[in-house]
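If you're wondering where the values come from, they're calculated on a predicted model, not measured in any experiment.
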Amino acid sequence: MSSTILVVEDEPAIAELIAVNLSFAGHKVLRATDADQAKTLITAELPDLVLLDWMLPGKTGIQFAHELRGHERTRAVPVIMLTARTEEQDKVDGLEAGADDYITKPFSPKELLARIKAVLRRRAPQLTDDIVEVHGLKLDPVTHRIMGHDKIIDMGPTEFRLLHFFMTHPERVHSRTQLLDQVWGDHVFVEERTVDVHIRRLRQALTISGHDRLIETVRGAGYRFTATQSEGALN
């Protein structure tokens with residue numbers, strides 16, 4: 001699926017090569033040449049992943065990675081370090097700074113895309129094209145189809161994204177604010193009660209197969225998608 005990726009790279013040729021290949025793969029690309037530009041872009045729109053060069057003018061990539069991990073808003077954003085350094089200790093330093101992966105230059109566009117997909121699968125599975133299935137409820141991000149016990153389930157695009165997020169993050173309680181950030185995007189300003197409206201629509205869509213009961217309201221906290229319901233209760 002399309003993801004927003006921030007490329008922080010001060011070498012124009014490398015930045016252009018990365019941006020072209022990411023765009024061709026369907027991703028939205030944001031570009032910065034240093035940490036200050038990256039901060040400005042992140043303030044406007046939280047990216048789904050950051051490709052961060054180690055050697056940047058002013059503040060290094062390692063220092064910026066520490067900053068990203070030190071702030072609540074950016075703490076969970078996946079980071080892949082890009083560097084020409086090959087020493088083992090350098091890799092350790094990058095990972096200890098909070099990087100999720102480490103790619104040594106030169107690298108092929110194919111390897112970069114594979115690394116991005118692997119990191120997103122671990123850290124943000126709702127951004128991948130993997131089919132998700134829970135208790136007979138099957139969601140295919142590529143075809144944008146949902147099946148519940150072999151019944152076709154129709155729903156709007158927002159409900160689809162909401163269900164995809166729930167199914168890839170089962171058994172966790174998500175507040176309305178967290179759902180707004182993850183499903184609508186933290187740069188979109190809508191009221192928290194909007195979440196309740198779409199939860200209600202989602203449950204209505206899932207009643208055809210009985211999967212509406214998988215979405216639980218946690219009083220005073222938010223909502224949870226449970227994967228522990230018995231099969232008998234859903235048939």
Open item on the list: Run Ile14 and Val7 through side chain to side chain contact (heavy atoms under 4.5 Å, CB included) and show every step you take.
Closed with: CA-CA 10 Å; Ile14 295 178; Val7 179; over 6 Å; no

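- A donor and an acceptor atom, one from each side chain of Glu171 and Thr226, are located under 3.5 Å apart.
- In this structure Val119 satisfies the side chain to side chain contact (heavy atoms under 4.5 Å, CB included) test together with Leu49, Pro78, Ile80, Asp100, Asp101, Arg122, Arg123, sequence neighbours excluded.
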Task: Intermediate values then yes/no, side chain to side chain contact (heavy atoms under 4.5 Å, CB included), Val197 and Arg201 - done: CA-CA 6 Å; Val197 172; Arg201 292 177 182 173; 3.8 Å; yes

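- A donor-acceptor pair is defined here as one N or O able to donate and one able to accept, closer than 3.5 Å; no such pair exists between the side chain of Ser23 and the backbone of Val20.
- The two residues Leu52 and Gly61 come nearest to each other via the heavy atoms CD2-O, 3.2 Å.
- Applying the side-chain hydrogen bond (donor to acceptor under 3.5 Å, both in side chains) criterion to Glu191, with sequence neighbours excluded, gives Arg193.
- Applying the salt bridge (Lys or Arg N to Asp or Glu O under 4.0 Å) test to Glu192 and every residue at least two apart in sequence or in another chain returns nothing.
- Under the rule for a side-chain hydrogen bond (donor to acceptor under 3.5 Å, both in side chains), the partners of Glu67 that lie at least two apart in sequence or sit in another chain are Lys39, Lys59.
- For the atom pair Lys151 NZ and Ile208 CD1, the distance stands at 6.0 Å (nearest 0.5 Å).
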- [ ] Decide side chain to side chain contact (heavy atoms under 4.5 Å, CB included) for Met81 and Ile62; before the verdict, give the C-alpha distance in whole Å, the side-chain angles of both, and the deciding distance to 0.1 Å.
- [x] CA-CA 9 Å; Met81 296 290 297; Ile62 289 290; 4.0 Å; yes

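- Distance alone, capped at 3.5 Å, places no donor-acceptor pair between the Arg176 side chain and the Tyr223 backbone.
- Rounding to the nearest 0.5 Å gives a distance of 10.0 Å between CE of Met167 and NE2 of His135.
- Atom NE2 in His198 sits 15.5 Å away from atom CZ in Phe160 (nearest 0.5 Å).
- Here the straight-line distance linking atom CG of Leu46 with atom CZ of Arg73 works out to 5.0 Å at 0.5 Å rounding.
- The minimum heavy-atom distance linking Gly148 with Ser209 is given by the pair O-CB, 3.5 Å.
- Taking every heavy atom of both residues into account, Ile42 and Pro47 meet most closely at CG1-CD, 3.9 Å.
- Residues meeting the side-chain hydrogen bond (donor to acceptor under 3.5 Å, both in side chains) test with Arg203, sequence neighbours left out: Thr217.
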Open item on the list: Under the criterion side chain to side chain contact (heavy atoms under 4.5 Å, CB included), I'd like the reasoning laid out for Leu163 against Leu139: C-alpha separation, chi angles, the key distance, then a yes or no.
Closed with: CA-CA 9 Å; Leu163 179 61; Leu139 183 149; 4.0 Å; yes

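- Looking at Arg31 and Glu16, a side-chain N of the basic residue comes within less than 4.0 Å of a carboxylate O on the acidic one, giving a salt bridge.
- Using cut-offs of 30° and 60° for the angle between ring planes, the His174 and Phe166 rings count as tilted.
- Following chains of ILVMFWY side-chain contacts shorter than 4.5 Å, one cannot reach Leu179 starting from Val173, and the two form parts of different hydrophobic clusters.
- Taking the side chain as every heavy atom from C-beta outward, Leu6 and Leu41 approach each other to under 4.5 Å.
- For Lys105 and Asp53, the salt-bridge test passes: some basic side-chain N is under 4.0 Å from an acidic carboxylate O.
- Tested against Gln37 for a side chain to side chain donor-acceptor pair (under 3.5 Å), the candidates Thr40, Asp34, Thr33 yield a single pass: Thr33.
- With hydrogens and angles ignored, the 3.5 Å screen pairs a side-chain donor or acceptor of Arg69 with a backbone N or O of Arg75.
- Cluster membership check: Leu202 does not share its hydrophobic cluster with Met147, using side-chain heavy-atom separations under 4.5 Å among Ile, Leu, Val, Met, Phe, Trp and Tyr.
- A distance of 10.0 Å separates CG in Leu17 from OG in Ser108, rounded to the nearest 0.5 Å.
- Judged purely by atom type and a 3.5 angstrom limit, Glu9 uses its side chain to pair as donor or acceptor with the backbone of Glu11.
- Heavy-atom minimum distance, Val134 versus Ala227: CG1-CB, 3.8 Å.
- The distance from the CD atom of Glu45 to the CG atom of Asp48 is 8.0 Å, given to the nearest 0.5 Å.
- Grouping Ile, Leu, Val, Met, Phe, Trp and Tyr by side-chain contacts under 4.5 Å, direct or through others, leaves Ile131 on its own.
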